[in-house]
Protein chains: 2
Amino acid sequence: MSQTPKQSAERPVPTSADVARLAGVSRATVSYVLNNTSAVRISEPTRRRVREAAEELGYVPHAAARSLRAGHTRMVLLPSAHVPVGPLYNRFFNELQRALRRLDYTVVQHGSLGLDGDDAARAWAELRPVAVVSLGEVALTPYGVDVLKRSGAKAVITLGPRRVQGAHSLVMDQSEIGSCAVTHLVGRGRRAIGVVMPREPGLELFSDPRLEGARRAAAAGGARIEPLPLLYDEESAAELAARWRGLGLDAVYAYNDEYAMLLMRALQDAGIQVPGETAVVGADNLLLGRLLRPRLSTVRIDMVSGQRLAELVDRVVRDPGAERERHGLMGARALHRESS
Amino acid sequence: MSQTPKQSAERPVPTSADVARLAGVSRATVSYVLNNTSAVRISEPTRRRVREAAEELGYVPHAAARSLRAGHTRMVLLPSAHVPVGPLYNRFFNELQRALRRLDYTVVQHGSLGLDGDDAARAWAELRPVAVVSLGEVALTPYGVDVLKRSGAKAVITLGPRRVQGAHSLVMDQSEIGSCAVTHLVGRGRRAIGVVMPREPGLELFSDPRLEGARRAAAAGGARIEPLPLLYDEESAAELAARWRGLGLDAVYAYNDEYAMLLMRALQDAGIQVPGETAVVGADNLLLGRLLRPRLSTVRIDMVSGQRLAELVDRVVRDPGAERERHGLMGARALHRESS
DNA sequence: TTGAAAGCGATACCAG
DNA sequence: CTGGTATCGCTTTCAA
């Protein structure tokens, strides 16, 4: 209790000046040595002394001071409101992270949970990131994009269902997924198709366009669409299954595989034959869907690779204004198994 | 092409000096107004002019400059190597993020994929976070903790299977989970118990202690433990199922529900009765496990609440050295369903 | 009530 | 080859 109560708390953080003092050189020399500045020759003994001093003090450069001086950062900011779910997303995210790191960027996710779009944009702008890659979890407005660009962001890239004015929008057309699922069902002779809409908040950004795509495909195929709100729990699924026959549907596209598995089980428990009476299709191509009987039909989603996105970020950072937006970075293909 | 090719690129980022100039006041006044400094009275008209000027220029304060001047940040850094999976983790993460934000911290995840523990610690230290909460994805060494503390971090908190010297370690005793699962199986008369060990990299931090807990429980109950490496794919599961009878096991604890579901299906496909011939237990209490037949028995894990962890972070930041490490922030309970 | 100025830590120019 | 020194943007005394 009386040993070193504040000592460690008060111990000042070592700066390059401390390193310089300990090594008996100037701060400039410290900077040259630690940054391997090639424009300047420093004698080997001096280099060693500096490095040893830095090591001894546990010196770590101060990123804020450095970027203040440099006038820019190498930070790529990825806003994250929710932790996204799904193996697809995870793989993509990890790829992106790794690729950006290889390009010598510092990848930082900013927890923006509970911030509205413009507040969030301002919070990000304070960090002066060189690029912002928004995965569509926080709705970025044209105003928000402007704030970021004015704060020095060279690249503002959105990856989501909608274009955002001013940003490099990589439109991931979610409607393609719904369209794909329903086209598949129509092709197998179904004409009255339910579309599960998760009632959990935060998923509308994905589920709305998927529904819209389903509608489009249904219209083209002469089928009827019925939106079906559903919570991700057994009670909600059982309740829906109980009134299933009254709905007069012969198929259902269930947003994704998890909802599809939930609903399929509930339907089976209610005595409804799958796929005989009702066909079921999910999306995401989860391994677990193959474990059910019947095996779950699904829509496989091909996401843009993290590597490619990282390269785009780098290109835009180096030459903003060179590239304009792209589309169709997401593909979707129905996989027929047994449930449809 | 010839419109404004570099103009926007070169357009300088507005600073508080620009705001001051536009509003016709000094930079000090701008600072007072925008930070609502209560120690100083500024006339209402001046305040308005300053705010309008800031708005017009799209001024956003420079976090680096501010923290450089202040000598500290309000940044809580959460290292993230992999995006963690599982609803439990997600909920916890979101809770933590939200609670920290309410306490006025800036939550930042640092993508540390592919950095070794000490390099990672140095990279984090450059950002001068006031606290680091490591969820055990990156192995933090005592040296790394020291680097962080010397760089001014008031709180270094690890949440993982092991204690880390120097840090506030919240030991989440993963072994409890394995122990719980095996005790359950032993209690139901099983004596030869397989333990699935995921072969995917990065999971050893969890799977090793779980195995160790399983061993402990087995020893206490007079049972035998057999580690079973498994990849998360159908081939690997089928291969394991094919040689199942040769292993002479009457039960298996399958790391978590996903591996359990995978293996259970493979066993059933190989004609092995579950739970008759072999009992199966997972962990995580996933909803999907309840959809299988037989319903999957599991271990429910009670994680520390994000709210509580956020409060701990805040306490340690305010008074480092006041609290020492805690244990047992994770509970585990077996849930018997039908597969065991 | 407002303004001038010092200084946070690192870097890069220019002199020595 | 090495050392002063001005500078980045912001906050905060201290004076006016």
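Protein chains get the first letters and strands the later ones, always in sequence-line order, with residue 1 at the start of each.
Distance B/His72 NE2 to C/dG7 P: 20 Å, rounded to the nearest Å. Note: CG (A/Leu34) to P (C/dT11) measures 8 Å, nearest angstrom. If you take CD of A/Glu126 and P of D/dG9, they are 15 Å apart, rounded to a whole angstrom. In this structure, B/Leu127 atom CG and C/dG9 atom C1' are separated by 15 Å, rounded to whole Å. Straight-line distance from the CZ atom of B/Arg27 to the P atom of D/dT11: 10 Å, rounded to whole Å. One interatomic measurement links the two molecules: CG of A/Leu57 to C1' of C/dG9, which rounds to 15 Å at whole-angstrom precision. Protein atom CZ of A/Arg69 is 16 Å distant from nucleotide atom P of D/dT5, rounded to whole Å. Spacing between atom NE2 of B/His62 and atom P of C/dC8 amounts to 18 Å, rounded to whole angstrom units.
Ionic pairing of B/Lys149 and B/Asp146 is not present here: no N-O contact between side-chain nitrogen and carboxylate oxygen is shorter than 4.0 angstrom. In summary, A/Arg318 and A/Asp314 engage in a salt bridge, as defined by a charged side-chain N under 4.0 Å from a carboxylate O. Look at A/Glu95 and A/Arg91 and you find a salt bridge, because one of the NZ, NE, NH1 or NH2 atoms lies within 4.0 Å of a carboxylate O, short of that distance.
When the side-chain nitrogen and oxygen atoms of B/Ser16 are compared with OP1 and OP2 of D/dG9, none of them lie within a distance under 4.0 Å. Within the 4.0 Å cut-off from OP1 or OP2 of C/dT2, at least one side-chain nitrogen or oxygen of B/Ser43 is found. Within the 4.0 Å cut-off from OP1 or OP2 of C/dT11, at least one side-chain nitrogen or oxygen of A/Asn35 is found. Close to D/dG3, at under 4.0 Å from its OP1 or OP2, lies a side-chain N or O of A/Ser26. Of the side-chain N and O atoms in A/Tyr59, one or more sit less than 4.0 angstrom from OP1 or OP2 of C/dA10. B/Thr29 has a side-chain polar atom (N or O) that falls below the 4.0 Å cut-off from OP1 or OP2 of C/dG3. Contact annotation: B/Arg66 side-chain N/O to D/dT11 OP1/OP2 distance is under 4.0 Å. Considering only side-chain N and O atoms, B/Thr46 lies nowhere under 4.0 angstrom from the phosphate OP1 or OP2 of C/dT1.
Judged by distance alone, the side chain of B/Arg27 and the main-chain N or O of B/Ser16 form no donor-acceptor pair under 3.5 Å. In terms of modelled atom types and a separation under 3.5 Å, the side chain of A/Ser134 and the main chain of A/Thr158 share no donor-acceptor contact. Checking side-chain atoms of A/Ser305 against main-chain N and O of A/Arg308 turns up a donor-acceptor pair under 3.5 Å.
Comparing B/Leu68 and B/Ala28 by the nucleotide of DNA chain D whose heavy atom lies nearest to each, the residue mapping closer to the 5' end is B/Leu68. Mapped onto DNA chain C by nearest heavy atom, A/Val60 and B/Arg41 fall at different nucleotides, with B/Arg41 at the one closer to the 5' end.
Residue-level contact check: B/Val30 touches neither bases nor backbone, having no heavy atom under 4.0 Å from any strand. Among the protein residues, B/Ser31 comes within range of the nucleic acid bases, having at least one heavy atom under 4.0 Å from a base atom.
In the interface, the side chain of B/Tyr32 is not paired with the base of D/dC10 through any donor and acceptor atom under 3.5 Å apart.
Of the candidate nucleotides C/dA12, D/dT2, D/dG9, D/dT2 has the atom lying nearest to any side-chain atom of A/Ile42.
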